[in-house]
Amino acid sequence: MADSKDALESNFKAYCNYGAPQGKKDVITTSNLTKMFKECKLYDKKLTSTDTDIAFSKHVPKGSKTMDYKQFQSLLEEVGKKSGSADKLKEKIAASSGPGSSGTTKASKTGGVDRMTDTSQYTGSHKERFDADGKGKGIEGRENIAKNDGYVGNYKGEGTFDKK
């Protein structure tokens with residue numbers, strides 16, 4: 001029984017420190033408490049995350065966003081009445097392996113880069129930036145290069161000034 005209490009307290013502290021920026025914390029937030037209950041599979045039709053959120057707010061002082069271990073034990077007693085047994089909740093939490101990263105987003109293994117760099121699928125003005133082989137034209141493909149010859153665009157008499 002002592003091992004179970006030690007495991008319960010060590011798992012409590014592990015969830016307290018999950019996502020904490022630095023240092024060791026001995027208090028748990030409502031989001032980490034919900035994470036603990038989800039990962040230990042304590043939620044069912046009788047017990048929901050809303051129930052634990054309400055119990056959390058009952059067991060912390062007004063305005064506080066964290067709960068210590070004693071408050072956590074009293075929360076388990078209250079929530080245990082709703083789910084059936086507080087001892088079963090404690091056993092499941094003590095038997096858990098601590099916080100994990102289940103359900104996090106993994107890197108995509110699809111060929112997204114190939115699709116983005118395939119120049120044959122480019123349309124509009126982007127298509128003009130590449131030659132027939134798919135090689136980039138450089139700055140000539142991106143900008144309208146000004147001639148800097150002193151004449152405005154579409155002037156018909158270009159080069160006739162010196163002839164007069």
Side-chain angles (χ1 to χ4, degrees), residues 1-130 133-139 141-143:
M1 189 73 172
D3 291 335
S4 177
K5 285 185 179 181
D6 291 341
L8 178 67
E9 188 171 2
S10 68
N11 278 340
F12 172 79
K13 288 183 179 179
Y15 278 98
C16 288
N17 291 311
Y18 182 78
Q22 56 182 310
K24 292 198 173 204
K25 292 173 55 179
D26 291 332
V27 290
I28 194 166
T29 61
T30 184
S31 61
N32 284 359
L33 181 74
T34 303
K35 180 177 179 58
M36 176 194 293
F37 273 63
K38 281 181 184 176
E39 289 184 356
C40 295
K41 295 182 173 68
L42 301 176
Y43 289 133
D44 55 11
K45 289 183 181 179
K46 294 179 187 176
L47 181 66
T48 65
S49 62
T50 306
D51 297 326
T52 56
D53 287 340
I54 292 170
F56 185 91
S57 63
K58 286 181 185 177
H59 290 278
V60 295
K62 191 168 187 157
S64 178
K65 295 181 180 182
T66 58
M67 169 185 286
D68 65 10
Y69 185 65
K70 283 185 178 181
Q71 294 166 332
F72 171 69
Q73 287 182 323
S74 63
L75 175 131
L76 288 179
E77 294 297 329
E78 181 182 333
V79 172
K81 292 175 188 173
K82 186 160 180 90
S83 70
S85 169
D87 292 332
K88 287 183 182 178
L89 296 177
K90 290 177 183 179
E91 287 173 15
K92 284 185 176 182
I93 294 170
S96 77
S97 59
S101 56
S102 62
T104 57
T105 306
K106 294 180 177 56
S108 174
K109 294 183 180 178
T110 59
V113 176
D114 294 337
R115 192 169 25 101
M116 288 187 283
T117 57
D118 184 9
T119 58
S120 66
Q121 295 181 355
Y122 288 179
T123 59
S125 63
H126 303 292
K127 186 176 187 177
E128 297 172 11
R129 293 178 51 196
F130 299 92
D133 297 332
K135 287 184 113 181
K137 293 181 181 178
I139 199 157
R142 275 183 246 146
E143 296 180 2

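As the structure is a prediction and not an experimental result, all values here were calculated from the model.
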How many angstroms lie between [atom1] in [X] and [atom2] in [Y], if you round to the nearest 0.5 Å?
X: D53; Y: L33; atom1: CG; atom2: CG; result: 8.0 Å
X: Y43; Y: T52; atom1: OH; atom2: OG1; result: 3.0 Å
X: L89; Y: L8; atom1: CG; atom2: CG; result: 10.0 Å
X: N17; Y: D26; atom1: CG; atom2: CG; result: 7.5 Å
X: T30; Y: M67; atom1: OG1; atom2: CE; result: 8.0 Å
X: K35; Y: C40; atom1: NZ; atom2: SG; result: 10.0 Å

Least distance between heavy atoms, [X] atom then [Y] atom:
X: C16; Y: N32; value: O-ND2, 3.8 Å
X: V60; Y: S64; value: CG2-O, 3.8 Å
X: M36; Y: I28; value: CE-CD1, 3.9 Å
X: A86; Y: L76; value: CB-O, 3.5 Å
X: H59; Y: S74; value: ND1-OG, 3.1 Å

Can you name the ring-ring contact (aromatic ring centres under 6.0 Å, His included) partners of Y15, sequence neighbours left out?
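For Y15 there are no ring-ring contact (aromatic ring centres under 6.0 Å, His included) partners, ignoring immediate neighbours.
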Side-chain touch K41/K92, heavy atoms, less than 4.5 angstrom:
no
Do E39 and Y18 have side chains that approach each other closer than 4.5 Å (heavy atoms only, starting at C-beta)?
no
Working for salt bridge (charged side-chain N to carboxylate O under 4.0 Å, His left out), residues K13 and E9:
CA-CA 6 Å; K13 288 183 179 179; E9 188 171 2; 3.8 Å; yes
Given T34, L75, T66, the one that forms side-chain contact (heavy atoms from CB on, under 4.5 Å) with F56
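Among T34, L75, T66, the one meeting side-chain contact (heavy atoms from CB on, under 4.5 Å) with F56 is L75.
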Could you list all the salt bridge (charged side-chain N to carboxylate O under 4.0 Å, His left out) pairs where at least one residue sits in residues 54-71, not counting sequence neighbours?
K58-E78
Would you say the side-chain atoms of D51 pair up with the backbone N or O of V79, donor to acceptor, closer than 3.5 Å?
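No: the side chain of D51 does not pair with the backbone of V79.
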